[in-house]
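Each remark here refers to the structure printed beneath this line.
Remember, it's 1-based here, ligands and their atoms both numbered in the order they're listed. Side-chain atoms are counted along with the backbone in the values below, which use heavy atoms only and exclude waters and symmetry mates.
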Amino acid sequence: MSIKLSSGKEIPIEMHKTRMVQKVRLSPVEERLKAIEEAGYNTFLLKTKDIFLDMLTDSGVNAMSDNQFAALMKVDDAYAGSMTFYELAEAVEDILGLKHVMNVHQGRAAEHLIAKVFAKPGDIVPTNYHFTTTKAHIELAGAAVLEIYMDEALKTKSTYLFKGNMDPQKLRNAIKKYGKDKIAFVRMELTANLLGGQPFSMENLKEIRRICTEHRIILVLDGSLICENAYLIRQREKGYGNKTVAEIVKEICSLGDLFYMSGRKNTCVRGGLIATNNQELFDKIKPWLPVYEGFFTYGGMSMREIGAMAVGMREMVDPDVAGCAVEQIKYFVKRLDETGVPVVTPPGGLACHLDAMKFLPHVPQSQYPAGALAAALYIVSGIRSMERGTISMDRDKEGKEVFADLELTRIALPRRVYTISHIEYAIDRINWLYKNRNLIKGLKFVSEPPVLRFFLGKLEALDNWEKDFSEAFKKELGDY
Ligand SMILES: Cc1ncc(COP(=O)(O)O)c(C=O)c1O
């Protein structure tokens, strides 16, 4: 939650206390420069020994609760029929309202199975916005993603509260154009990641549900970030202020045909799941589970993680858990916005996002401004962020660059991990970056994998801009 101080200032306040800690180290700028060069200007390739604040992602790096740690110890490790799995199934039914569940090793494994079973070559998958791994699996199945977002979604500075909405009229037009038999399924992603963690409204979801029902098209919900979306519906949507996050989560789930999630985010473990009330859809996926993931009662996850997931599933709808990152992000974004730094507004879930095209207008998209900004942020702060722009798009079949709609540098807030002083430090270094933005230039690939190149690709700084840039930092702020 956020709390108002007697000065009138509002700050996010942690509704938990820290009882186990992990030491971190801030290395001097010279070391950071060497580390990013060795990592090929790709923050994924940094080693954690060189990282001060790891804000790469909120995935698999959240703080687990005391009850989750206790659950890790008390599990039924049976290969088949484990009672720990049935504890999770009970939690899924209680919290999501969904009767059938299968685990998978992480969110993209759910995407793989769903794409494999429901998408055929030539099919179309309309979505409010793509996610990297979703798109890869849909395309590997021979289908194509069709993004149907509201015009407002791509405006990084906005007051539109639900930029994750799908445009219903555009969906109707697409069904007419391609024919309903060509639509494998419609996918709605909660707290749309690549739009800057932006929620959709319940009203919009209901409208999309009506269209899918009318045309008998399957509606798939990617609920990896469901709780943040529910928390923001509660804060922003008329008629939901008096509902609990738990009630909103259940209502969202009741509107989809198939639900999947990466459990690495809201449930604070390492795993994922697919859940539904539709027996027929479930039975189509189930035979493939042991082929790609594992037996039905573990699905590629360790039983310990499933035990912790059962607890995390119940805890994730607590507003202090669902809202902890949202409130930190609100503070983070507001402070940067006040000093004129181009950030994605309104603030959403998942991360504070810098608009790299506005931050570095002198760096063309072909020179990857969001990647350059992520590298520069690391050099001046030891903070690891992630590029979410053109590097995160793969080339098309002809090998041509596909420019992203948005060039975002994402500074993620893992749940219950960082404190307000960490955020203050990040704000300070981002302000320094903004003042010195002209010293940052672009990047070019030196090694480029063909699929999901952002994970393993290596780049170098154009014109060796990192030299003058790090010298300017040292002159003003010294080694740290
Ligand atoms: C919206 C969304 N869907 C799917 C995934 C993939 O999940 P995982 O990383 O567990 O494979 C992610 C991961 O960040 C995500 O944000």
Counting only heavy atoms not in Glu139 (residues, nucleotides, ligands), do more than 12 fall under 6.0 Å from its CD? yes

Distances only, to 0.1 Å: what are the N or O pairs between ligand 1 and the protein that fall under 3.5 Å?
residue: ligand 1; atom: 3 (N); partner: Asp222; partner atom: OD2; Å: 2.6
residue: ligand 1; atom: 3 (N); partner: Ser224; partner atom: OG; Å: 3.4
residue: ligand 1; atom: 9 (O); partner: Gln106; partner atom: NE2; Å: 3.4
residue: ligand 1; atom: 9 (O); partner: Arg108; partner atom: NH2; Å: 2.9
residue: ligand 1; atom: 10 (O); partner: Gly107; partner atom: N; Å: 2.8
residue: ligand 1; atom: 10 (O); partner: Ser262; partner atom: OG; Å: 2.7
residue: ligand 1; atom: 11 (O); partner: Gln106; partner atom: NE2; Å: 2.9
residue: ligand 1; atom: 11 (O); partner: Gly107; partner atom: N; Å: 3.3
residue: ligand 1; atom: 11 (O); partner: Arg108; partner atom: N; Å: 2.9
residue: ligand 1; atom: 11 (O); partner: Arg108; partner atom: NE; Å: 2.7
residue: ligand 1; atom: 11 (O); partner: Arg108; partner atom: NH2; Å: 3.4
residue: ligand 1; atom: 14 (O); partner: Lys265; partner atom: NZ; Å: 3.0
residue: ligand 1; atom: 16 (O); partner: Asn193; partner atom: ND2; Å: 2.8
residue: ligand 1; atom: 16 (O); partner: Lys265; partner atom: NZ; Å: 3.4

Do Thr133 and Glu111 have side-chain atoms, one donor and one acceptor, less than 3.5 Å apart? yes

Under 4.0 Å between a Lys/Arg side-chain N and an Asp/Glu carboxylate O for Asp167 and Arg172? no

Check this for me: does any side-chain nitrogen of one of Arg453 and Glu387 sit under 4.0 Å from a carboxylate oxygen of the other? no

Backbone N or O of Gly271 within a donor-acceptor pair of the Asn103 side chain at under 3.5 Å? no

Any donor-acceptor pair under 3.5 Å from Ser82 side chain to Asp76 backbone: yes

